[in-house]
2 protein chains.
Amino acid sequence: MRSEDIAKLAGVSRSTVSRVINNYPNVPETTRAKVLRVIEQHQYEPNSFARALAGKRTDTIGLFAISMTEQENASRIYQNSYFAPIVDMVVDTANARGFYVLIHTVYSRGEFQKVKQAFQQKRIDGGILVGTQKDIELVREMVDQEAPLVLVDYDISEIMAERLNKNHLAVINSMDYEGTAEALEYLIGLGHRDIGIIKGSMNTYSGRERYLAYENTLQKHGLPLRNDFVLEGEFLKESAYREAKRLAQQEELPTALFCSNDDMAIAAMEAFAEHGIAVPDQLSIIGFDDAQLASRITPKLTSVRLPVDEMAKAAVLKVIELCDTDEATFSTTSFPTRLVVRDTCKPPAR
Amino acid sequence: MRSEDIAKLAGVSRSTVSRVINNYPNVPETTRAKVLRVIEQHQYEPNSFARALAGKRTDTIGLFAISMTEQENASRIYQNSYFAPIVDMVVDTANARGFYVLIHTVYSRGEFQKVKQAFQQKRIDGGILVGTQKDIELVREMVDQEAPLVLVDYDISEIMAERLNKNHLAVINSMDYEGTAEALEYLIGLGHRDIGIIKGSMNTYSGRERYLAYENTLQKHGLPLRNDFVLEGEFLKESAYREAKRLAQQEELPTALFCSNDDMAIAAMEAFAEHGIAVPDQLSIIGFDDAQLASRITPKLTSVRLPVDEMAKAAVLKVIELCDTDEATFSTTSFPTRLVVRDTCKPPAR
DNA sequence: CTGAAAGCGCTTACAG
DNA sequence: CTGAAAGCGCTTACAG
């Protein structure tokens with residue numbers, strides 16, 4: 001069934017059918033009703049491709065999960081407790097507003113092409129990029145395409161300050177620095193002086209910010225910054241587990257450990273448990289994200305709550321907004337975090 | 001940049017450009033190379049809509065997560081530990097084969113229209129449906145559209161036996177009956193005679209099968225089937241928690257509880273913990289799915305492993321296969337389960 | 001081996 | 001208010 005068929009059945013032209021479908025004002029109620037009834041009767045659905053080709057929107061947004069740090073075999077992006085809720089919220093929010101969402105994961109530079117293609121082939125009206133920003137030129141290329149684009153957890157300003165206002169672009173991130181600082185102030189307030197960190201991915205805005213806040217806060221309080229207390233975690237369970245094991249075998253341990261996300265905090269706790277290191281009695285642990293798991297493990301994990309849901313929702317609303325406006329705009333929104341105190345921190349033993 | 005432009009630059013016609021793009025044999029290597037170089041140079045990407053409109057595939061498959069039992073506000077489909085890995089695997093598998101995936105969640109009958117529309121509007125080449133099968137006519141309507149369709153965890157045979165072979169259809173499910181029977185035999189082997197169940201959603205193939213196996217296995221061993229030991233869980237954490245709380249207040253408790261999925265098992269354990277009922281000392285618990293969480297909580301949950309990853313992957317391969325073939329086919333694949341014994345079961349106290 | 005032309009199913013100035 | 005016609009960017013018989 002094509003618009004032509006509907007037109008015939010309703011005794012009008014395709015033009016009029018189109019006008020009705022697109023809800024144009026210049027068609028009398030009786031005509032509209034007549035057409036609408038035929039459409040209804042035959043459950044007619046205009047071909048989305050033909051519409052798009054003729055200049056209409058596709059009503060589809062892209063969601064691209066970039067995970068270029070992870071290994072080939074570690075390729076399960078949603079195992080990461082950060083992505084799952086984002087996908088969740090993005091899909092729900094977009095759907096609720098009548099948009100489909102096209103998902104693609106990117107584990108390598110080559111796959112990144114698919115992201116560009118999705119835009120170039122006009123499959124989507126706009127897109128959301130979330131994840132590691134390993135190859136910044138790739139992102140730059142994206143931005144150059146001038147399609148509506150929302151970047152989650154990206155530090156775009158330093159990269160392309162000059163052309164920001166020529167694009168339909170928005171950045172969404174969280175106040176990682178402040179959140180981390182709050183966590184560390186809390187530990188310091190408990191009396192900790194030897195505080196370690198499991199770093200996130202340095203290819204990531206949040207990873208860098210959290211580390212920076214760690215350094216600065218310790219420094220501010222005149223606390224030692226020991227290299228052997230700084231672990232490379234890359235935001236991954238596996239590396240955190242490995243690093244925690246290594247730490248466990250050191251002669252000296254910190255009395256508290258800030259973990260750049262909950263996945264790593266939980267993996268580290270497992271490692272420590274295996275080495276008979278009691279949390280929080282011998283070692284206080286604090287995570288970041290406040291993932292679902294955080295409150296379900298024992299002991300319950302103290303964590304900095306990241307409003308992923310709000311962020312994901314904001315990202316969708318933003319792309320849609322960008323799709324709706326013609327002028328180039330750039331905006332960046334930072335979402336506040338909040339320390340959720342649970343059972344993994346207490347004053348140091350001595 | 002359109003194919004016309006490429007044609008001009010390469011000094012050929014659009015036809016030839018098209019032939020090159022579609023990798024048709026009847027074009028000499030030199031011509032092909034020439035065209036390819038121009039395409040390369042200009043990073044030309046054919047408009048996917050125009051291609052689709054002209055009869056080519058869209059290279060997109062749909063993934064529709066149906067969750068019509070859940071409440072409006074419980075609408076977080078991915079919180080369900082069953083969906084997240086499916087989405088994960090479907091996207092990865094499809095992407096690896098050059099397909100995009102269009103995701104849509106369905107929480108109500110109205111939203112189900114979007115699923116049909118995705119097909120009718122020709123947005124996708126084929127689709128995967130997973131979730132509750134509340135309104136069987138909806139599914140029937142889908143099937144009638146004759147588009148490639150894979151149903152995960154559906155019991156299609158009883159519904160439309162007569163037209164199965166007229167469609168591009170496949171069903172993927174797991175051996176829920178056998179898995180449940182194995183779990184119950186294990187409990188019975190430990191000496192349990194008073195065994196309860198938290199049922200899953202009866203709108204679901206797996207929900208029904210698991211319950212059926214529960215009944216049959218108890219019966220087979222001459223064990224009592226007590227109504228007050230049968231809880232309605234709907235596969236949801238919330239209801240399981242509520243029901244477990246209710247059970248905890250009963251005078252008599254079962255000595256073992258089979259939970260139709262891990263989400264419910266874990267929620268129930270939380271409820272029992274709050275009532276001071278020790279697992280497994282006073283009550284043995286067994287789950288289903290072997291979700292990620294199962295091995296991370298304390299005590300570690302004994303569970304029937306469901307090969308979701310394999311199932312999801314199979315679903316994708318199947319749709320793609322269905323898209324590739326012209327003849328109508330119907331197939332159904334059942335994946336075996338496996339009992340993973342951990343720490344939540346022991347012989348009954350007395 | 002290759003080009004001109006028709007067609008896919010819409011939308012949108014344009015003219016009336 | 002409404003229809004005829006051009007156009008969106010491809011693909012594919014058709015003819016040569």
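Below, all heavy atoms of this structure are taken into account, side chains as well, without hydrogens, waters or symmetry copies. Just so we're on the same page: letters track the sequence lines, and every chain starts at 1.
With P as the reference atom, D/dC1 and D/dA5 are 24 Å apart, rounded to whole Å.
Side-chain contact between A/Val130 and A/Phe83 is present, with heavy atoms from C-beta onward closer than 4.5 Å.
Between the side chain of B/Asp92 and the main chain of B/Met89, no donor-acceptor pair closer than 3.5 Å is present. Judged by distance alone, with hydrogens and angles left aside, the side-chain atoms of A/Ser48 form a donor-acceptor pair with the main-chain N or O of B/Gln121 at under 3.5 Å. For B/Glu111 (side chain) and B/Ser108 (main-chain N/O), a donor-acceptor pair under 3.5 Å exists by modelled atom type.
A distance of 6.0 Å separates CD1 in B/Ile21 from OG in B/Ser18, rounded to the nearest 0.5 Å. To the nearest 0.5 Å, atom CG of residue B/Leu149 and atom CD1 of residue B/Ile61 are 11.5 Å apart.
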Starting from the C-alpha separation in whole Å, work towards a yes-or-no answer on side-chain contact (heavy atoms from CB on, under 4.5 Å) for B/Leu9 and B/Tyr44.
CA-CA 12 Å; B/Leu9 290 168; B/Tyr44 164 70; over 6 Å; no
Which dot-bracket notation, 5' to 3', represents the base pairing of DNA chain D when pairs are defined as Watson-Crick or G-U with both distances under 3.5 Å, crossing pairs as [ ], and inter-strand pairs as |?
|||.||||||||.|||
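As judged by a 4.0 angstrom heavy-atom cut-off over every strand, A/Ser48 is placed among residues making no nucleic acid contact.
Heavy atoms from other residues, nucleotides or ligands lying under 6.0 Å from NZ of A/Lys116 number more than 12.
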Take nucleotides 9-16 of chain D nucleotide by nucleotide from the 5' end and write B, S or -, depending on whether a protein heavy atom sits under 4.0 Å from the base, only from the sugar-phosphate, or from neither.
BBBBB---
